[in-house]
Amino acid sequence: MYGIFMECWVALKLYGGNGVLLLMFLAAAIYIVASEKDIKKKIVLGILPLVILAGFLFPVTKIVYVALFDDGSDTYYRILWLIPMYVVIGYGACKAVMNFKKDAVRRGMLALILLIIAVTGSFVYANQYMSKAENLYHIPQNVIDICDVIAPEDGEPRVRAAFPSELVHFVRQYDTDILMPYGREMVVTQWDYYNAVYEVMEKPETIDATALLEATRQTKCHYIVLADSRKIDGNLVDMGLDAIANIDGYTIYEDPMVEK
């Protein structure tokens with residue numbers, strides 16, 4: 001049980017980032033429980049979030065969750081999505097600020113709280129996946145162009161394609177008929193999952209072409225998309241694949257050995 005508790009504790013720490021968010025949430029929730037007179041608000045914004053958090057850390061909860069869902073061990077952290085952390089923090093902060101009688105003190109406390117919230121987060125526009133919109137979908141145009149080449153026609157079965165890690169975030173947003181052997185769960189390094197295609201396609205400096213084909217064929221990938229700048233120790237065309245298109249520095253290979 002202790003080992004399961006520690007797994008839950010580590011998942012909570014990863015979810016909470018630098019820890020300040022969790023401390024602010026706990027302080028706000030406890031303050032709401034202690035000071036809120038409206039019983040509905042006390043339950044929804046104070047008691048219930050704390051109960052969910054305690055339940056998340058309770059080992060039996062994880063045992064039951066994993067038993068009910070096939071991918072339970074990978075998705076258990078999503079229980080934390082049920083906790084409205086920022087709503088609790090916002091309401092608790094506003095309630096605390098309004099307890100001060102002087103306007104100057106209220107404004108000063110509000111500014112301090114906003115500053116604390118700001119420094120505990122990250123500037124969203126500094127994210128490597130943020131860029132100026134190129135189309136109505138707000139995803140890179142090269143992803144759309146690549147997907148349009150390999151996407152199945154209406155009524156045809158879905159296809160599976162291996163994409164470079166810098167593109168996987170966007171493929172599912174554009175076309176759910178294109179499946180991938182790995183997605184965002186591999187790009188977020190803190191989750192530390194294993195995937196055979198990712199291990200061959202992304203981790204080494206130079207791709208082992210034979211190992212790549214073995215992995216993609218095992219996972220039924222009909223297409224492989226590689227950046228032209230990516231080093232690979234063999235020629236995929238000489239190994240039986242067809243280079244069907246080159247779009248914005250990415251070559252699309254079709255593997256006739258894998259059925260659509």
Side-chain angles (χ1 to χ4, degrees), residues 14 17 74 122-153 156-260:
L14 290 173
D74 295 337
S122 58
F123 186 53
V124 64
Y125 293 107
N127 188 291
Q128 61 175 318
Y129 299 108
M130 293 296 296
S131 60
K132 186 177 180 180
E134 302 178 51
N135 46 65
L136 293 176
Y137 296 96
H138 286 246
I139 62 176
Q141 185 61 41
N142 56 8
V143 174
I144 292 176
D145 295 338
I146 292 171
C147 289
D148 286 345
V149 171
I150 67 176
E153 299 292 337
E156 292 184 351
R158 293 189 290 182
V159 299
R160 188 178 297 270
F163 281 83
S165 59
E166 68 269 19
L167 302 183
V168 296
H169 287 77
F170 310 106
V171 175
R172 190 172 62 173
Q173 297 179 48
Y174 179 67
D175 195 332
T176 57
D177 285 332
I178 299 175
L179 305 176
M180 295 176 287
Y182 64 86
R184 181 175 176 271
E185 77 280 359
M186 298 306 304
V187 180
V188 180
T189 55
Q190 68 186 32
W191 291 342
D192 195 26
Y193 294 154
Y194 175 85
N195 181 279
V197 178
Y198 182 85
E199 293 292 320
V200 177
M201 191 167 174
E202 295 293 337
K203 286 195 172 183
E205 182 177 348
T206 301
I207 297 175
D208 183 330
T210 302
L212 175 63
L213 283 185
E214 181 180 348
T216 54
R217 284 171 177 171
Q218 286 180 349
T219 52
K220 307 299 182 184
C221 291
H222 189 72
Y223 297 100
I224 300 174
V225 180
L226 288 179
D228 294 344
S229 59
R230 191 73 171 93
K231 295 179 181 178
I232 185 167
D233 67 359
N235 189 313
L236 294 181
V237 174
D238 293 341
M239 299 174 72
L241 274 64
D242 299 321
I244 60 174
N246 184 281
I247 297 174
D248 195 22
Y250 291 91
T251 299
I252 306 171
Y253 296 94
E254 183 176 9
D255 190 346
M257 296 290 291
V258 179
E259 294 183 1
K260 288 187 179 180

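Note that the numbering runs from 1 along the sequence shown for the chain.
- From T251, atom OG1 reaches atom CD1 of I232 across 10.5 Å, with rounding to the nearest 0.5 Å.
- Counting heavy atoms from C-beta outward, F163 and V143 have side chains that stay 4.5 Å or more apart.
- Rounding to the nearest 0.5 Å places CG of L212 at 4.5 Å from CD1 of I224.
- In this structure the side chain of L226 reaches within 4.5 angstrom of the side chain of I207, judged on heavy atoms.
- Shown here for A162 and P181, the closest heavy-atom pair between the two residues is CA-CD, 3.9 Å.
- A distance-only check finds a donor-acceptor pair linking the side chain of R230 to the backbone of M201 [under 3.5 Å].
- The shortest side-chain heavy-atom distance between V237 and Y253 falls under the 4.5 Å cut-off.
- I178 places none of its side-chain heavy atoms less than 4.5 Å from the side chain of Y223.
- H222 and E259 form no side-chain donor-acceptor contact under 3.5 Å, judged by distance and modelled atom types alone.
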Hey, mind stepping through F170 and I144 against side chain to side chain contact (heavy atoms under 4.5 Å, CB included) and telling me if it holds? CA-CA 9 Å; F170 310 106; I144 292 176; over 6 Å; no
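- Between D208 and D233 there is a side-chain heavy-atom pair separated by less than 4.5 Å.
- Residues D255 and L213 are in side-chain contact: their nearest non-hydrogen atoms beyond the backbone lie under 4.5 Å apart.
- In this structure, the side chains of V171 and D175 stay at 4.5 Å or more apart for every pair of heavy atoms.
- Scanning all heavy atoms of the two residues, the minimum distance from E134 to Q141 falls at OE1-CB, 3.3 Å.
- Taking both residues in full, the closest heavy atoms of E156 and P152 are given as OE1-CA, 3.7 Å, listed atom of the first, atom of the second, then distance.
- For CZ of R217, the number of neighbouring non-hydrogen atoms (other residues, nucleotides, ligands) closer than 6.0 Å is greater than 12.
- Here Y182 contributes atom OH and Y198 contributes atom OH; the two are 7.0 Å apart, rounded to the nearest 0.5 Å.
- Taking each heavy atom of C221 and A161 in turn, the nearest pair found is SG-C, 4.4 Å.
- For M239, the CE atom is densely surrounded, since the number of other residues' heavy atoms within 6.0 Å is greater than 12.
- One distance of note links CD1 of I247 with CG of N142; it measures 8.5 Å at 0.5 Å rounding.
- With a 4.5 Å cut-off on side-chain heavy atoms, D248 and D145 do not count as touching.
- Between the side chain of E202 and the backbone N or O of S165, at least one donor-acceptor pair lies under 3.5 Å.
- Note: N195 CG to K203 NZ = 10.0 Å, rounded to the nearest 0.5 Å.
- H138 contributes atom NE2, which lies 7.0 Å from atom CG of L136 (distance to the nearest 0.5 angstrom).
- What you find for R158 and D177 is that their closest heavy atoms are CB-O, 3.1 Å.
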